[in-house]
Amino acid sequence: MPKFYLTTAIDYSNGEPHLGHALEKIGADCIARYRRLRGDDVHFVMGMDEHSQSVIQAAARAGVPPQAWVDRMAATFADYWRRLHCSHDDWIRTTEPRHAGAVAALLERIRQRHPADLFEAEYEGLYCTGCEEFKTGAQIVDGHCVEHPTLELIPTKERNHFFRLSAYRDAVLDRIRSGALRVQPEIRRNEVLRLLEAGLQDISISRQRQPWGIPFPGDLQQTVYVWFDALINYLSATGFPEPGYDRLWPADLHIVGKGITRFHCVIWPAMLLAAELPAPRAVWAHGYVQWSGTKMSKTAGTPVTLGEAIDRHGADALRYFLLREVGFENDGDFTWERFDARYTSELADTFGNLVSRSLAMLHRYRSGTVPRDPATHAPPPIETAARAAVAGYARAMDALALEQGAAQWMELAAHANRYIEETAPWKLAQRGQDAELDTVLANLARTVARLAVLAAPFIPRAAATVWGLFGERAPLETIRLDDLESLSAERLQVAKPPVLFPKPERTPRGAQKLVT
RNA sequence: GGCGGCGUAGCUCAGGUGGUUAGAGCAGCGGAAUCAUAAUCCGCGGGUCGUCGGUUCGAGUCCGACCGCCGCUACCA
């Protein structure tokens, strides 16, 4: 059983999680569940990034000590991920001792293997006394800090520890070009390659005047710069430097937002190479969730809270909508209108109703017992369609094309609805064509069971419910994709179908916000 | 400024290496059916393929210019 070590970016502890955070976690969870379906020994890690200045500020605004603040945030995030049925195996926080230990160990390892890669130098920058940090780029407008336009930025020199990033340009470039480190999707790979081709500068990896952080080994006047600190979480979670960490390391896939690809595709691999540790095998950089075509930035305020989105139609529905319509590759739009449309048309009317009518007929015509299929000859069209859908689903999911995987699932459900219309079981029953009816009902039951398996990575709760309706079988978690071809529901006693995805009678709340 | 991407039916999008009447899903309209969450199934709807030129027997599909969005451009996670 091959191991599959999967991570998401750890979330910054300075505010509530929103739909953007959720997309990343749900996408990663979908992949984790799919890999388990594939038979991989999955280790899925999420967590919190809890150091740095903004955390201190957020804590101060809330009037609590930093540790109390990050504890509160971690609990909040973890609760949302639980509500969204995330199936992570571990939850790491950068304020944990195991992480501080790993950071110190990694730095020590670099110092031992490549002493020249860590050195001290002067860092020069514009320092804002309001923020207590250096400002660059877009943070400076008209020569002033955007947060404190009335204060003067002070040119300041600071003695810092540096990492010789420049020494690893060629090695990182080679790994990405050769595919040893896969950067996906293609557009992100190209961006990273161009960045590398342009050359790298060494980076400072420590900060003075920054009490909320991991002490820099050998220089207690300074703390480890938050990015250098944060990236190491992926290694900390393996148990590094304790023996056995290499059972998990290297990571098979880091899921990150497109805004932080260079940290994961350039700096992180270079850090590992300097420590003579293997680089991750793949990085997937997803796009962002937009609200009616505009950015959902923290500063602009969130037009929709994560809680509202979950409450709308339930966690499964939100998961499905984010992965199917918003998508895990490009930026995508979230609107109540689109959410409701997908929910109604696909989850309720196509899949939910298919389950309803199939099981209802099983009860009406066969007392709830799936009959044996007496047919001995050519498989019905639905069987051919099911195999094609499973193959297409696997192809898409292997390539992390989650939208297409969901589309394959939906296509099979639609096909099953057509199969019912074409065979018209109610007519077969009327005419007393029992053998034909048995064939149709057995095939329908089998298709519904297969759909439950394929749906599990996207809508785990509903999938388990449907699977459970068949009773007397192995838990859904033990089923593998390879089992689908021979999967049969014959002789099983099925329960009465519940309404999986109820449809609100009237215009649900929040719809009016669409107009503004 | 530099590099790159996008702009196809009301909406979300497919459309390797140019070639008969430009496709799908959703929404909308008409019909059928009645097992089912008034769900399903069938049919229909004609969009200057961002704009203007060019190459070609022929371009959504290649070239150039332009317009409009967007991403990256290294220490904000």
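Owing to the predicted nature of the structure, the values given are computational and were not obtained by experimental measurement. Within every chain, numbering begins at 1; the chains are lettered A, B, ... in the order of the sequence lines, protein sequences first and strands thereafter.
Side chain of Arg319(A) to backbone of Ile459(A): no donor-acceptor contact under 3.5 angstrom is found. With hydrogens and angles disregarded, no donor-acceptor distance shorter than 3.5 Å links the side chain of Tyr168(A) to the backbone of Val266(A).
With the nearest nucleotide of RNA chain B identified for both Glu422(A) and Met361(A), Met361(A) has the one nearer the 5' end. Two residues, Phe351(A) and Ala230(A), neighbour RNA chain B, and the one matched to the more 5' nucleotide by heavy-atom proximity is Phe351(A).
Closest approach to the Arg194(A) side chain among G5(B), C3(B), U37(B) is made by C3(B) (side chain taken as heavy atoms from C-beta onward). Considering only side-chain atoms of Leu500(A), the nucleotide from C26(B), U37(B), C41(B) that sits closest is U37(B). Distances from the side chain of Asn353(A) to the nucleotides C35(B), C41(B), U37(B) place U37(B) closest. For Ala348(A), whose side chain is taken as the heavy atoms from C-beta onward, the closest listed nucleotide among C35(B), C26(B), U37(B) is U37(B). When distances run from any side-chain atom of Asn417(A) to the nucleotides C35(B), U40(B), C26(B), the shortest one goes to U40(B).
Base engagement by Leu200(A) is indicated by at least one non-hydrogen atom pair under 4.0 Å involving a base atom. Ile260(A) comes within 4.0 angstrom of a base, heavy atoms only. Asn190(A) comes within 4.0 angstrom of nothing in the nucleic acid, heavy atoms only. Among the heavy atoms of the strands lying under 4.0 Å from Phe501(A) is at least one base atom, whether or not backbone atoms are also near. Within 4.0 Å of Val499(A), counting heavy atoms only, lies at least one base atom of the nucleic acid.
When both distances must be under 3.5 Å, the Watson-Crick or G-U wobble mate of G28(B) is C44(B). When both distances must be under 3.5 Å, the Watson-Crick or G-U wobble mate of G68(B) is C6(B). Across all strands shown, A22(B) forms no Watson-Crick or G-U wobble pair with both key distances under 3.5 Å. Nucleotide A74(B) forms no Watson-Crick or G-U wobble pair with any nucleotide shown, as no partner meets the under 3.5 Å limit on both distances. The base-pairing partner of G16(B), taking Watson-Crick or G-U wobble contacts with both distances under 3.5 Å, does not exist among the strands shown. The base-pairing partner of A36(B), taking Watson-Crick or G-U wobble contacts with both distances under 3.5 Å, does not exist among the strands shown.
Between Trp227(A) and His264(A), the two ring planes are perpendicular [angle over 60°; tilted spans 30° to 60°]. Note: His254(A) and Tyr234(A) have tilted aromatic rings, judged against thresholds of 30 and 60 degrees for the angle between ring planes.
Shortest non-hydrogen contact noted between His21(A) and Asp11(A) is CD2-OD1, 3.1 Å.
The base of C35(B) is paired with the side chain of Glu421(A) by a donor and an acceptor separated by under 3.5 Å.
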